[in-house]
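The structure appears below as structure tokens.
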Amino acid sequence: QEDLEAGSVKNIAMGTAKDKETDGEDVDSNEDDETVTASVLNVEKSVDKVMEIDDFTLEVTYSVKVTNNGGQTETYDLQDYLKVDEALMVEDPNADVTVSYVAGDDSPNGTLGTPKAGDFETPPGAVLVTGEQLLAGKYESFEFKLRFLIDGNETTVAGANCETDDDGDG
């Protein structure tokens, strides 16, 4: 576990056999080794703010925090696909969404995405950042806002109360 958290695991393999021609002397095989690097990125998403625009429109501010728990710098791309209650629809699928770098102990160096609101509704989701490098032991956070229309005909008790189902998908 310690090696994994440091960023890599080195595995060395070799064998020994008995040589029949030399009355059972040990014969060592060639040594082979392989180093496997480990990526240990943790991604947390949260709703930071919900603002009621009017009776049928909400503006939701999301944040996504990425932490590098590994022992080496990691490069990543970050996408987000929303799973929301059937009663919520993105207000304008063609609206531009601003993705902002908001916090962290590492400076952003990738390319921030410029998604449309509708990109969040279909897999694989909206691109938030590409080619981002994060140093070992560091974190950074991104933020974006989306507006949703509320369809009162589709509201469920679970959705209205923000209850999650057994698998946590909401």
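Note that the structure is a prediction, hence the values are computed from the model and not measured.
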Would you confirm whether [X], through its side chain, and [Y], through its main-chain N or O, come within 3.5 Å as a donor-acceptor pair?
X    : Y    : answer
N109 : Q133 : yes
E140 : D105 : no
N69  : L41  : no

May I ask you to check whether over 12 heavy atoms, not counting those of F56, lie within 6.0 Å of atom CZ?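 At most 12 heavy atoms, drawn from other residues, nucleotides or ligands, come within 6.0 Å of this atom.
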Is L146 close to F148 at the side-chain level, that is, under 4.5 Å between some pair of heavy atoms?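 The answer is yes; the side chains approach within 4.5 Å.
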V43 side chain reached by Y76 side chain, heavy atoms, under 4.5 Å: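 No; the side chains remain at least 4.5 Å from each other.
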If two hydrophobic side chains count as joined below 4.5 Å and joins carry through other members, does [X] share a cluster with [Y]?
X    : Y   : answer
L82  : V50 : yes
L135 : V64 : no
V99  : V47 : yes
L58  : Y62 : yes

V66, L78, T111 screened by side-chain contact (heavy atoms from CB on, under 4.5 Å) with V129, the one that passes: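 Only match with V129 under side-chain contact (heavy atoms from CB on, under 4.5 Å): L78.
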Give me the atom names and distance for the closest heavy-atom approach of [X] to [Y].
X    : Y    : value
L134 : N68  : O-ND2, 2.9 Å
L149 : T57  : CD2-OG1, 3.6 Å
D77  : T130 : OD1-CA, 3.2 Å

Using the six-membered ring wherever Trp is involved, compare the ring planes of F142 and Y101 and label them parallel, tilted or perpendicular (cut-offs 30° and 60°).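 Correct class here is perpendicular.
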Using the salt bridge (Lys or Arg N to Asp or Glu O under 4.0 Å) rule, collect all pairs that involve residues 57-69, keeping only residues at least two apart or in two chains. E59-R147
Checking side-chain polar atoms at under 3.5 Å, does D48 have a donor or acceptor matched by the opposite partner on S63?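 Judged by distance alone, the side chains do pair up.
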Roughly how far apart are E143 CD and T61 OG1, rounded to 0.5 Å?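 Atom-to-atom, E143:CD and T61:OG1 are 5.5 Å apart.
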Apply the test side chain to side chain contact (heavy atoms under 4.5 Å, CB included) to residues D80 and K45: give CA-CA distance (whole Å), side-chain angles for both, the deciding distance (0.1 Å), then the verdict. CA-CA 9 Å; D80 187 43; K45 180 178 170 186; 2.8 Å; yes
So I150 and L88, side chain to side chain contact (heavy atoms under 4.5 Å, CB included) or not? Walk me through it. CA-CA 5 Å; I150 302 170; L88 298 178; 3.8 Å; yes
Let me check something: any side-chain donor-acceptor pairs from residues 115-128 under 3.5 Å, sequence neighbours excluded? List them with distances.
from, atom 1, to, atom 2, distance (Å)
K116, NZ, D96, OD1, 2.5
D119, OD2, K116, N, 2.9
E121, OE2, V90, N, 3.4

